[in-house]
Amino acid sequence: MSRKKFIVRSNFTDIANFAKMIPTRSKMLDSGSPAPVPATYPINELAKLIHPGRMKLKIDRIVEHSDNVKSFILVSAEGKKLAPFRAGQYLTVQLKIGSSVLTRPYSIASTPQNARDGFYNITVKRVPDGFASGWMLDNLKPGDELTAFSPEGTFVYEPIRDAKTVVGIAGGSGITPFLSLAGSIADGSCKAELVLLYGARNADEIIFREELDKLNQNDKIKVVYVLSDSNEEGYEKGFIDAKLIQKYAPEHYSIFLCGPKAMYEFAEKEIEKLGIRKKNVRFELFASASKPEAIPGFPMDKAGLTFRLTVRQFGKETQIECLSHESVLVALERAGIEAPARCRSGECGFCRSKLVSGEVFIPSNTDGRRIADVKFGYIHPCSSYPMSDLTIKID
Ligand code: FES
């Protein structure tokens, strides 16, 4: 066995300083106030503001863009400061509809500065056959209160990771995180530049037209409208493909995409053709698959089957039904079981639960679990489909 010699030299300055700390501390203790320790400290207050857990919000007003799209302007129902967020993040609202308790994430359309001024804007578009969006549009009114969770999400500009210019690809209500980003570029709080390619079927479907036209006048922001179903002067015609991206993008750029699933599937292939590094591509896609049977790898012999789901939560065991074509999270919500959830797309990990027994199908493109969770049998119920009777444990 070989031996090595190390010489450890003392740092006398450190030792001398350390020795001085004792009398200094004693003096501070002697001169301390006899008053009781304060109940709160500024740093704790700040932590609570940034991570409030739940917030009680009130609908201050509603902006109607059309019968199928409305913006809800939300303020604190308790007169508190709103949790800060970064442009591109989302707010998860909790809804009680009949006997169901469900959550829905919505990108915040307003800017971080607006939150400091006391409001958030979330914009809701009716999803055909959607449960929550239609209910929100048809039932919510000014003065109604909602519970929301702290803003979350990684669809944000990172100066160290991203190129100076973001090429944003938006479709439908997927414009909202870009509106927030553009707003914060315009107010100087974000140092990025934005080329925004906004796809719609026709000009009437463009949401926030007035705001976007105004932002387009800023020399750091360029907005290009792309219409798939109509040919009009001043608009690009067709779909947002690799050629169109190259036409407007500078030499170096990051790509951010937020839009409906069909657009995501099309654009994903087009973006691949551009050969951009993965770290410079970001997708925001809320919602689990509407037709999981269409996902490659779905076991077709299980299509349309009903299983028993045993839920262990807070020391209680509940049994409910779950269908193979709906996610475990949807089954929980339908049964009125309050399950933690935020993104609903397998990414954030908030719904992480232990799969005690049974089998689930997890589409590979929404499997955001950590390696250790895969190994130790945890699932994300929002992106897991029952393939047998199941038992899960929710923390
Ligand atoms: S809610 Fe985000 S991973 Fe399930």
Side-chain angles (χ1 to χ4, degrees), residues 51-55 83 85-86 88-97 100-108 122 124 127 130-133 136 146-156 174 176-177 257-258 261 264 282-290 292 295 309 311-313 320 322-356 358-387 390-395:
H51 305 289
R54 286 165 190 252
M55 293 181 284
F85 72 98
R86 295 176 67 191
Q89 289 192 305
Y90 63 86
L91 196 67
T92 302
V93 295
Q94 188 182 56
L95 304 166
K96 292 199 167 90
I97 306 178
S100 303
V101 181
L102 43 106
T103 55
R104 288 291 181 273
Y106 290 101
S107 292
I108 304 171
I122 57 166
V124 179
V127 178
F131 185 40
S133 62
M136 289 178 79
L146 294 171
T147 297
F149 301 97
S150 316
E152 297 282 343
T154 54
F155 195 68
V156 294
T176 49
L257 185 148
C258 185
K261 193 146 191 296
Y264 168 91
R282 233 110 68 252
F283 296 113
E284 187 75 315
L285 180 71
F286 300 123
S288 38
S290 51
I295 301 170
L309 170 60
V311 185
R312 294 184 191 160
Q313 190 184 29
I320 61 171
C322 58
L323 312 172
S324 63
H325 61 267
E326 69 180 12
S327 70
V328 174
L329 178 63
V330 169
L332 295 168
E333 292 177 338
R334 200 166 25 76
I337 295 174
E338 202 174 315
R342 298 285 195 276
C343 70
R344 304 181 72 82
S345 55
E347 188 223 355
C348 72
F350 266 92
C351 63
R352 174 183 180 269
S353 305
K354 174 84 178 164
L355 178 64
V356 179
E359 273 174 56
V360 291
F361 167 66
I362 303 175
S364 59
N365 62 344
T366 57
D367 188 358
R369 294 174 299 163
R370 293 175 302 177
I371 294 169
D373 281 352
V374 175
K375 190 168 172 199
F376 293 108
Y378 284 87
I379 59 168
H380 292 173
C382 67
S383 65
S384 304
Y385 298 86
M387 295 290 118
L390 302 176
T391 299
I392 63 165
K393 186 170 177 292
I394 303 175
D395 292 327

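Counting convention: from 1, in listed order, for ligands and their atoms alike.
- Of the heavy atoms in H380, only side-chain atoms (C-beta onward) come closer than 4.0 Å to ligand 1.
- The heavy-atom pair separating A341 from L329 by the smallest distance is CB-CD2, 3.8 Å.
- None of the N, O or S atoms belonging to C348 lies under 2.8 Å away from atom 4 (Fe) of ligand 1.
- Atoms of ligand 1 found under 4.0 Å from any heavy atom of R344 (numbered from 1 in listed order, with element): 1 (S), 2 (Fe).
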**OP:** Apply side chain to side chain contact (heavy atoms under 4.5 Å, CB included) to the pair L323 and V330, showing each step before the final yes or no.
**Re:** CA-CA 9 Å; L323 312 172; V330 169; over 6 Å; no
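- Ranking the protein heavy atoms by distance from atom 3 (S) of ligand 1 puts G349 N, 3.2 Å first.
- Only the backbone of E347 comes within 4.0 Å of ligand 1, counting heavy atoms alone; no side-chain atom from C-beta on gets that close.
- Inclusion of C382 in the first shell of atom 2 (Fe) of ligand 1 is not supported: no N, O or S atom falls under 2.8 Å.
- When all heavy atoms of M387 and V360 are compared, the pair lying nearest together is CG-C, 3.9 Å.
- Donor-acceptor pairing under 3.5 Å is recorded for the side chains of Q94 and E338.
- Taking the six-membered ring for Trp and thresholds of 30 and 60 degrees, Y264 and F283 have ring planes more than 60 degrees apart, a perpendicular arrangement.
- Residue side and main chain included, C343 places an N/O/S atom under 2.8 Å of atom 2 (Fe) of ligand 1.
- The distance from ligand 1 to the heavy atoms of G346 drops below 4.0 Å at these ligand atoms: 3 (S).
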Subject >> side chain to side chain contact (heavy atoms under 4.5 Å, CB included) between I392 and L332, intermediate numbers included >> reply: CA-CA 11 Å; I392 63 165; L332 295 168; 4.2 Å; yes
